[in-house]
2 protein chains.
Amino acid sequence: MVRKPTSKESARKPNMREAILAAAEELFATNGFNAVSVRDIAQAAGANPGSVTYHFKTKDGLLLEIYRRHCGPMNLRRSELLAAAKRVRDLQDRLEAIVRAYVVPAFTSGSDLAGGGARFTRLRAVMSAEGNEVARKIIAQTFDDTSHAFIDAIHESLPHIPRKDIVWRSHFLLGALYYSLVTPDRVSRLSRGEADGSDPANAIEQLVQATVASFQAPALDQPARRRPVVSSKT
Amino acid sequence: MVRKPTSKESARKPNMREAILAAAEELFATNGFNAVSVRDIAQAAGANPGSVTYHFKTKDGLLLEIYRRHCGPMNLRRSELLAAAKRVRDLQDRLEAIVRAYVVPAFTSGSDLAGGGARFTRLRAVMSAEGNEVARKIIAQTFDDTSHAFIDAIHESLPHIPRKDIVWRSHFLLGALYYSLVTPDRVSRLSRGEADGSDPANAIEQLVQATVASFQAPALDQPARRRPVVSSKT
DNA sequence: ATGTGATTTGTACTATCGTACAAAAGATCA
DNA sequence: TGATCTTTTGTACGATAGTACAAATCACAT
């Protein structure tokens with residue numbers, strides 16, 4: 001019974017708990033877990049360091065709660081979009097719909113938090129890179145089901161591609177997705193302003209298009225169209 | 001005059017400086033910059049914490065030296081492979097050779113350090129995710145030239161694709177590359193043992209194949225009412 | 001062997017970390 | 001209003017961080 005919807009909020013800070021969560025999410029996502037102190041988070045949220053301990057007990061507990069907050073809605077939304085995608089008749093269109101069902105919720109809101117989708121996905125990317133233990137456990141047990149569902153769906157629309165190859169390519173998809181959220185400025189810089197790496201709609205379309213094509217690549221063990229050309233070894 | 005090739009090495013530790021660099025590289029790459037203390041590094045290298053200060057002045061200085069050590073050889077190797085790739089006549093084969101020239105040095109040795117390529121690339125991935133300032137500066141001024149060279153080369157072999165799209169897709173390539181080195185176990189897990197995410201040769205082939213296909217995808221702003229059913233080049 | 005410069009060690013200083021906890025303040029309802 | 005529960009504040013503690021620095025040790029030319 002921790003949650004109680006107070007009709008009359010605190011005068012100073014309406015829902016400090018949420019403010020701390022939001023601040024932590026932002027700071028963790030941009031600086032990593034260890035680079036951010038509890039005091040940093042409290043200050044960004046306009047709270048007292050003790051408040052963080054009160055609401056979340058430990059720093060790990062705070063991270064855990066951020067994940068709990070987002071995982072459910074995001075996976076739900078992905079499931080809905082995946083179900084809809086699987087009803088698409090045309091195989092080519094279906095594949096694109098499936099990829100889109102995977103990508104879109106990662107970039108856009110997790111249904112309750114405004115613009116929270118991209119921030120949370122970036123957080124996951126950073127925690128994954130840092131090898132964060134708390135995150136690793138939650139991710140494996142929360143997202144693997146979803147990942148398998150997507151892999152299976154993709155496999156059904158590309159029956160001639162070995163499942164192994166599809167796993168690799170969906171892994172590349174997640175890496176590309178993560179990286180797009182981690183350093184969007186790199187796209188702007190390398191394209192000399194022609195592309196805006198920070199524009200989610202742009203990123204989604206580019207990522208979906210590129211990924212669909214990668215999934216449609218011939219299988220690896222298939223007799224290659226032609227021989228690899230340069231550098232077999234050194 | 002810091003470097004002096006001693007014919008008779010120290011009895012205890014042959015080249016402690018190298019041991020510290022190697023230990024730091026490994027620890028930073030797997031745990032992130034802030035999660036690793038100077039004392040952790042010293043202990044892993046069998047050195048005294050003071051030695052780290054002596055050789056590299058600060059923790060940032062240590063990271064800087066790691067980058068200095070690898071950037072040159074890796075970019076040199078990439079340049080060589082790129083030059084060779086650009087001499088390939090067939091456009092399709094050339095594209096694959098170019099992608100391979102980009103990917104291979106990231107996975108394999110930086111010519112002087114054994115197996116250091118993958119470790120250093122993983123380090124870059126982690127520093128990028130953490131938004132590390134020291135790394136950000138070096139990366140931008142060291143790798144952007146190389147990136148542009150590759151983008152230009154790819155653009156030449158795919159003249160009908162807007163440069164903007166090629167930037168996006170090469171960005172996805174780097175993200176996929178990074179992520180493959182950060183969590184190779186995920187591939188093994190999701191493929192239920194069918195694929196080994198830790199096998200560099202495997203990762204390279206899968207990544208090259210998928211990436212070449214993604215580059216060959218039709219341009220985004222193209223009408224694209226109905227796209228080619230299976231990779232137009234086959 | 002001895003002096004000299006390069007390296008390694010040991011230790012200490014200050015800052016900041018995560019967290020605990022008691023007291024203050026605010027909210028809710030009889 | 002006063003009692004009670006929730007939340008916020010302020011402060012403090014032990015651990016550990018990065019780094020500085022003097023003493024000890026080593027390698028080697030003389």
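Chain letters run A, B, ... following the sequence lines, proteins first and then strands; every chain starts at 1.
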Checking A:R186 against B:F143: charged group under 6.0 Å from the ring centre and within 45 degrees of the axis?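 Here A:R186 fails the 6.0 Å and 45° test against B:F143.
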Sequence neighbours left out, what passes salt bridge (Lys or Arg N to Asp or Glu O under 4.0 Å) with [X]? Give chain and number order.
X: B:D152; answer: B:R163
X: A:R78; answer: none
X: B:D144; answer: A:R189

Would you mind writing out the side-chain donor-acceptor pairs for residues 200-210 of chain B within the sub-3.5 Å range, not counting sequence neighbours?
from, atom 1, to, atom 2, distance (Å)
B:E205, OE1, B:R100, NH1, 3.4
B:E205, OE1, B:R100, NH2, 3.4
B:E205, OE2, B:R100, NH1, 2.7
B:Q206, NE2, A:D165, OD1, 3.0
B:Q209, NE2, A:P218, O, 3.1

For atom [atom1] of [X] and atom [atom2] of [N], their distance in whole Å:
X: A:N15; N: C:dG26; atom1: CG; atom2: C1'; result: 15 Å
X: A:E18; N: D:dT7; atom1: CD; atom2: C1'; result: 15 Å
X: B:K57; N: C:dT8; atom1: NZ; atom2: P; result: 16 Å
X: B:Y54; N: C:dG10; atom1: OH; atom2: P; result: 17 Å
X: A:R17; N: C:dG26; atom1: CZ; atom2: P; result: 22 Å
X: A:I41; N: C:dT19; atom1: CD1; atom2: P; result: 10 Å

Reading nucleotides 12-18 of chain D from the 5' end, what letters show protein touch, with B for base, S for backbone sugar-phosphate only, - for no heavy atom under 4.0 Å? B----BB
Does B:H55 place a side-chain N or O at less than 4.0 Å from the phosphate oxygens OP1/OP2 of C:dA6? no
Using only side-chain N and O atoms of A:N48, determine if any of them is under 4.0 Å from OP1 or OP2 of D:dT8.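 For A:N48, the contact criterion (side-chain N or O under 4.0 Å from OP1 or OP2 of D:dT8) is not met.
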What residues, two or more places apart in sequence or in another chain, satisfy side-chain contact (heavy atoms from CB on, under 4.5 Å) together with B:V38? B:V52, B:K59
To the side chain of A:T53, which of D:dT7, C:dA6, C:dA20 is closest? C:dA20
